[in-house]
2 protein chains.
Amino acid sequence: MTGRENLWMRPDRPARGPRPAFSRARLTEVAIRIADAEGLDAISMRRLATEIGAGTMSLYRYVSSKDDVIELMIDAVVADYLPPDAVMTGDWRADLRGFAVGVRQTMLRHPWVAPLVGTRQQPSPNRVRMLDAALRMVDDLGMSFNEMLTVIGTVFAYVNGFVEAELAEAEALRRTGLDLMEWMTLQVPYLQSVVASGSYPMVARMLTEGGQDYVDVGDRFDFGLDRLLDGIAARLPHASG
Amino acid sequence: MTGRENLWMRPDRPARGPRPAFSRARLTEVAIRIADAEGLDAISMRRLATEIGAGTMSLYRYVSSKDDVIELMIDAVVADYLPPDAVMTGDWRADLRGFAVGVRQTMLRHPWVAPLVGTRQQPSPNRVRMLDAALRMVDDLGMSFNEMLTVIGTVFAYVNGFVEAELAEAEALRRTGLDLMEWMTLQVPYLQSVVASGSYPMVARMLTEGGQDYVDVGDRFDFGLDRLLDGIAARLPHASG
DNA sequence: TGAAACCACGTACGACGTACCCAGTTTCTA
DNA sequence: TAGAAACTGGGTACGTCGTACGTGGTTTCA
């Protein structure tokens, strides 16, 4: 891996030389396991290498940089945005909703992926696959192709933004190494001083009545998603589904 | 700055000792300037220190870690989510829309902030201020407090997700150090091979008709935002404004 | 007039990504 | 069948990072 070529356009097996000791698939699998358990910054080339049982620099035979490892990880996870048994009903709204729910569930299983995929739009096999599937869901609805792209992009923006926020607190705990109790102990005095100032009545209400009729995170996700789909449906050229 | 206390609860000026050579405000300002111009990874404690004209370790008198610097940067930028001359018309929909547009514009001016603020939900002065302002926009609409929180969270999730995606390509260029031409040269052959496979007809269409009736990014943002607000408006307990 | 509380900052440590190099292995070619 | 070509694994080393720690100077209070 000497640098410039595209990560996704390499032959599986080189023509000459000894057979490789491992594979990019193995590398990806190990990296995902570490990131799931300990977060993205637990991933270093040295750590990956020892976990695989190889020398650090050997990884660079399979990948031209750490960035490539990240790309491999993203692509692998994106593969199950749509589970293999997902069916397209032909009802665009149900299909798109199922897709969004699947994306969220996958992102919750791999908490490091949402921030990455939100900020990296490089094409990769599974991202291409998912984009194609999503576009097929809104085909034949009387929209222009760019309108279809806009709709898909809108839904995905919402899902990504929501899940990032959803994971933010857990990530803060991981980043600081604190447990929930310690973290609260740090934030509460400040919030109390905010409330005491009297300048932020709504935030004050949040701290007092916020816990009252608690709304489940999944329900909040569904609410926003359904409102978005409502709004889109109302603007469709002709009512289909 | 010895570690555990909350960043936002320190006295402005210590009681004893010589007067500080600079300030957290100065530190924040320099950090934001660097990040705006060269991206977030251009920020290192050494770089900040030399730019300020101080010793590297002196920064730790003002801040207990690099993470605190990041928090200061975020809070400073969040301050102009709502420009100082922004008016609350009393029309919840117009106000919320103006807020969302303001957030996007601020995020575009500071391309590093969207990914950070999406994944960090720690309270800070300006974040609290913005949250309070947003909640006031949807007050008196007959919703419970948690419903209000859900609505605000939904809009913000969309804005954040959209802007992250919007900035993704530019960020990829910065990350790799390539210019647009070089980057295209790298992606195009792969995309051509994808199209040639015949398995992804929609992506193929994207490459051929995608550029035809080009939709402005701002218009796409507005579209999603307006559909979301449509959907929310339709579910409001009673029609007010 | 100490002593306490603060300040600036040099040195040093462990971790990181990766450029470069060399020796060994497989396969194609003559 | 010899040897060149194309690959392999991986050790060493460089520059960068965040920051723990300590030393010595300055200001303010008791």
Side-chain angles (χ1 to χ4, degrees), chain A residues 1-5 7 10-27 30-31 34-35 38-73 112 116 174-177, chain B residues 1-5 7 10-27 30-31 34-35 38-73 112 116 174-177:
Chain A
M1 280 258 90
T2 49
R4 279 286 117 109
E5 337 80 47
L7 170 62
R10 298 187 81 216
D12 267 9
R13 179 78 172 79
R16 284 232 233 307
R19 74 158 32 93
F22 52 105
S23 68
R24 282 206 277 184
R26 171 101 183 98
L27 210 169
V30 170
I34 297 177
E38 304 170 46
L40 199 65
D41 359 291
I43 291 192
S44 74
M45 297 307 267
R46 285 169 232 261
R47 172 80 184 275
L48 279 175
T50 35
E51 208 98 359
I52 288 175
T56 304
M57 292 314 289
S58 304
L59 302 189
Y60 287 87
R61 292 282 158 202
Y62 299 82
V63 125
S64 68
S65 66
K66 185 182 180 181
D67 210 76
D68 274 5
V69 177
I70 304 288
E71 284 298 319
L72 286 170
M73 294 171 67
W112 45 271
L116 288 179
R174 231 203 7 76
R175 215 180 20 254
T176 55
Chain B
M1 279 259 90
T2 49
R4 280 285 116 111
E5 337 81 47
L7 169 63
R10 299 185 80 215
D12 266 10
R13 179 76 172 82
R16 282 232 235 306
R19 74 157 35 93
F22 53 104
S23 68
R24 283 206 277 183
R26 172 102 183 96
L27 209 168
V30 170
I34 298 175
E38 303 170 46
L40 199 63
D41 358 292
I43 291 192
S44 74
M45 296 307 266
R46 285 169 234 260
R47 171 79 185 273
L48 279 175
T50 34
E51 208 97 359
I52 287 175
T56 304
M57 293 314 289
S58 304
L59 302 190
Y60 287 88
R61 290 281 155 201
Y62 300 83
V63 126
S64 68
S65 66
K66 185 182 179 181
D67 209 76
D68 274 5
V69 178
I70 305 287
E71 284 298 320
L72 287 170
M73 293 170 68
W112 45 271
L116 288 179
R174 233 204 5 78
R175 216 180 19 252
T176 55

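All chains are named by letter (A, B, ...) in the order of the sequence lines, taking the proteins before the strands, and each is independently numbered beginning at 1.
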S.K.: For the pair made of CG in Asp68(B) and P in dG18(D), what is the distance, rounded to whole Å?
M.R.: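 Those two atoms, CG and P, are 14 Å apart.
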
S.K.: Heavy atoms under 4.0 Å, any strand shown: does Ala54(B) hit a base, just sugar-phosphate, or nothing?
M.R.: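 Counting heavy atoms under 4.0 Å across all strands, the contact made by Ala54(B) is with sugar-phosphate only.
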
S.K.: Rounded to the nearest Å, what distance is computed from the CZ atom of residue Arg46(A) to the P atom of nucleotide dC14(D)?
M.R.: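 One finds 14 Å between P of dC14(D) and CZ of Arg46(A), rounded.
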
S.K.: Rounding to a whole Å, what distance do you find between Phe22(A):CZ and dG9(D):P?
M.R.: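 After rounding, the reported distance stands at 6 Å.
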
S.K.: Which letter, B, S or -, goes with each nucleotide of nucleotides 20-30 of chain D from 5' to 3', with contact meaning a protein heavy atom under 4.0 Å?
M.R.: BB----BBBS-

S.K.: Quick one: closest heavy-atom pair of Tyr62(B) and Arg10(B), and the distance?
M.R.: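 Taking every non-hydrogen atom into account, O-NH1, 3.7 Å.
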
S.K.: List in chain and number order the residues that pass side chain to side chain donor-acceptor pair (under 3.5 Å) with Arg47(A), two or more places apart in sequence or in another chain; answer none if no residue qualifies.
M.R.: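 If we apply the side chain to side chain donor-acceptor pair (under 3.5 Å) test to Arg47(A), skipping adjacent residues, the hits are Glu38(A), Glu51(A).
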
S.K.: How long is the line joining CD1 of Ile70(A) and C1' of dT18(C), in whole Å?
M.R.: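 Rounding to the nearest Å, CD1 of Ile70(A) and C1' of dT18(C) are 15 Å apart.
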
S.K.: Figure out the CZ/P separation between Arg47(A) and dT18(C), and round it to whole Å.
M.R.: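 After rounding, the reported distance stands at 18 Å.
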
S.K.: Counting only side-chain N and O atoms of Ser58(B), is one of them less than 4.0 Å from OP1 or OP2 of dC9(C)?
M.R.: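 Checking dC9(C) against Ser58(B), a side-chain N or O does come within under 4.0 Å of OP1 or OP2.
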
S.K.: May I ask you to say what Leu48(A) touches in the nucleic acid, namely base, sugar-phosphate or nothing, with a heavy-atom cut-off under 4.0 Å?
M.R.: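 Contact class for Leu48(A): none.
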
S.K.: Between P on dG11(D) and CE on Met45(A), what's the gap in Å once rounded to a whole number?
M.R.: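 Interatomic distance, CE of Met45(A) to P of dG11(D): 15 Å.
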
S.K.: Between Lys66(A) (NZ) and dA15(C) (P), how many Å, whole number?
M.R.: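 In whole Å, dA15(C) P and Lys66(A) NZ are 15 Å from each other.
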
S.K.: If you assign each of Gly53(B) and Ala42(A) to its closest nucleotide in DNA chain C, which residue comes earlier from the 5' end?
M.R.: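 The residue mapped nearer the 5' terminus is Gly53(B).
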
S.K.: Considering just the side-chain nitrogens and oxygens of Ser44(A), establish if one lies under 4.0 Å of OP1 or OP2 belonging to dC16(C).
M.R.: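 For dC16(C), OP1/OP2 do have a side-chain N/O of Ser44(A) under 4.0 Å.
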
S.K.: From CG of Asp41(B) over to C1' of dC17(D), roughly how many Å is that when rounded to an integer?
M.R.: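 After rounding, the gap between these two atoms is 12 Å.
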
